[in-house]
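Working notes for the structure below.
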Amino acid sequence: MMTIVPIPSDSYKLGFIGAGKMAESIARGVIKSGLLPASQIRTAHLGYDRRTAFESFGVKVLDHNSQVVEDSDVVILSVKPQVVEGVVLQLRSLLSEKQLLVSVVAGVKLKDLQEWAGHSRFIRVMPNTPAAVGNAASVISLGAGATKDDGELISKLFGAIGKVWTADEKLFDAITGLSGSGPAYIYLAIEALADGGVAAGLPRDLALGLASQTVLGAASMAVNTGKHPGQLKDDVASPGGTTIAGIHELEKAGFRGILMNAVVAASNRSRELSNN
Ligand SMILES: NC(=O)c1ccc[n+]([C@@H]2O[C@H](COP(=O)([O-])OP(=O)(O)OC[C@H]3O[C@@H](n4cnc5c(N)ncnc54)[C@H](OP(=O)(O)O)[C@@H]3O)[C@@H](O)[C@H]2O)c1
């Protein structure tokens with residue numbers, strides 16, 4: 001068995017297989033945070049638009065995935081789930097434990113990734129779409145051959161596009177149901193709050209702005225005050241006031257149960273899809 005060579009945390013070369021939206025968000029975040037300069041990041045694509053998107057912020061775009069692998073210490077797989085097996089099998093002869101492999105591919109298990117790659121120095125990450133604005137919630141899970149230092153390196157990397165947690169891979173379906181699908185639930189909530197504002201007489205633009213900023217502000221309160229959300233709710237619901245009247249309507253309609261069901265349904269669907 002090959003000895004695991006530590007990856008130098010500030011001078012490593014980072015390669016993306018799949019020059020799509022997620023790769024672009026990570027690359028932009030990493031460069032913006034100063035974690036790595038653009039000169040240490042590369043990807044491959046033959047299409048003009050994707051090449052230009054990456055080159056516009058200094059990332060080298062090669063012609064072939066094999067060139068990315070040959071020139072990187074950390075390789076992030078960021079292709080769609082349907083193609084990942086073929087992509088990894090094609091690169092297999094170039095892959096070794098000298099490199100740390102990372103997958104952000106939704107629903108594809110470490111066991112399969114490791115089998116296709118031929119080694120287990122692998123880390124699986126589940127980010128979410130707010131990565132595009134530097135506010136992702138990402139969870140990482142380490143493969144059998146990944147070291148503690150590898151885990152820290154990747155936590156730092158995904159820390160450049162939001163917050164990072166480490167969890168056992170068996171929790172990934174539940175994580176998909178909560179943070180993976182969760183942004184869409186909140187978009188629905190923002191739209192509905194805005195509709196409520198319009199119904200109560202506000203102009204659409206004002207209603208949408210207030211709804212979005214209110215969700216952002218409430219999330220910041222939950223993250224930054226350290227208070228339990230139940231306490232934050234109690235703090236703003238004065239006796240006989242407006243807020244408790246609104247909360248009463250939400251409770252009558254089963255608001256909490258609906259959100260819980262949504263997370264459980266999406267988790268179940270994730271489990272179904274990843275077992276196919
Ligand atoms: N977007 C998110 O917020 C998010 C969140 C969690 C997880 N993920 C995961 O991230 C992965 C990428 O998602 P995405 O949103 O970035 O998708 P995307 O924008 O479609 O990016 C995928 C990229 O891979 C390229 N590609 C296809 N086949 C390839 C091959 N054989 N070799 C190299 N590149 C190839 C595609 O090229 P073309 O341009 O020619 O199609 C495209 O540029 C997915 O597995 C997804 O599950 C994404």
Side-chain angles (χ1 to χ4, degrees), residues 14-30 41-57 59-72 75-95 101-110 112-113 116-117 122-141 154 157-158 160-165 167 169 171-187 266-267 269-274 276:
L14 174 64
F16 290 93
I17 302 296
K21 293 184 287 292
M22 180 46 72
E24 186 179 342
S25 298
I26 300 168
R28 283 185 186 276
V30 166
I41 306 178
R42 61 270 290 118
T43 186
H45 203 283
L46 292 173
Y48 176 80
D49 287 353
R50 296 317 298 156
R51 289 185 82 94
T52 314
F54 278 84
E55 284 167 356
S56 71
F57 58 100
V59 168
K60 182 161 42 159
V61 185
L62 302 157
D63 291 340
H64 302 291
N65 292 340
S66 56
Q67 295 168 297
V68 174
V69 170
E70 278 165 347
D71 197 28
S72 302
V75 176
I76 300 188
L77 301 171
S78 188
V79 291
K80 291 287 188 197
Q82 311 85 276
V83 301
V84 68
E85 178 176 3
V87 168
V88 178
L89 288 175
Q90 225 171 34
L91 294 170
R92 186 183 167 113
S93 61
L94 301 172
L95 302 174
L101 299 180
V102 177
S103 167
V104 296
V105 182
V108 179
K109 295 197 173 94
L110 277 169
D112 293 323
L113 292 163
W116 302 329
F122 229 121
I123 295 183
R124 183 176 167 195
V125 187
M126 177 68 201
N128 64 0
T129 48
V133 290
N135 250 322
S138 302
V139 181
I140 74 169
S141 186
I154 297 307
L157 190 68
F158 281 83
I161 55 157
K163 291 202 174 177
V164 185
W165 288 261
E169 194 189 21
L171 300 177
F172 267 45
D173 292 313
I175 288 162
T176 303
L178 177 53
S179 55
S181 305
Y185 315 152
I186 303 303
Y187 301 143
S267 307
R269 183 69 184 134
S270 170
R271 193 164 301 114
E272 267 170 32
L273 291 174
S274 57
N276 277 343

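Numbering of residues begins at 1 and proceeds along the displayed sequence. Note that this is a predicted model, so its numbers are computed, not measured. One-based numbering, in listed order, for ligands and for the atoms of each.
Tyr187 is linked by a ring-ring contact (aromatic ring centres under 6.0 Å, His included) to nothing, counting only residues two or more places apart in sequence or in another chain. Every side-chain contact (heavy atoms from CB on, under 4.5 Å) that Ser103 has, sequence neighbours left out, goes to Leu77, Val105, Leu113, Phe122.
The protein non-hydrogen atom at the shortest distance from atom 32 (N) of ligand 1 is Asn65 ND2, 2.9 Å. Protein heavy atom at the shortest distance from atom 5 (C) of ligand 1 is Met22 CE, 3.5 Å. Closest protein heavy atom to atom 25 (C) of ligand 1: Gly18 CA, 4.0 Å.
Heavy atoms from both the backbone and the side chain of Ser78 come within less than 4.0 Å of ligand 1. Contacts with ligand 1 closer than 4.0 Å are made by heavy atoms of both the backbone and the side chain of Val105.
For atom 42 (C) of ligand 1, the choice among Gly20, Ala106, Ser103, Ser25 with the nearest heavy atom turns out to be Gly20. Between the choices Val84, Val104, Val88, Val79, the shortest heavy-atom distance to atom 44 (C) of ligand 1 belongs to Val79. Of the listed residues (Lys80, His64, Gln90, His45), the one carrying the non-hydrogen atom nearest atom 13 (O) of ligand 1 is Lys80.
Using a cutoff of 4.0 Å between basic side-chain nitrogens and carboxylate oxygens, Lys21 and Glu24 are not scored as salt-bridged. Comment: Asp173 does not engage Lys109 in a salt bridge, judged by the lack of any side-chain N to carboxylate O separation of less than 4.0 angstrom.
Near Val87, meaning under 4.0 Å from one of its heavy atoms, ligand 1 places the atoms 30 (C), 31 (N).
With a 6.0 Å radius and a threshold of 12 heavy atoms from other residues, nucleotides or ligands, Gln90 has its CD atom at or below the threshold.
Checking atom 3 (O) of ligand 1 against the protein gives a heavy-atom contact under 4.0 Å.
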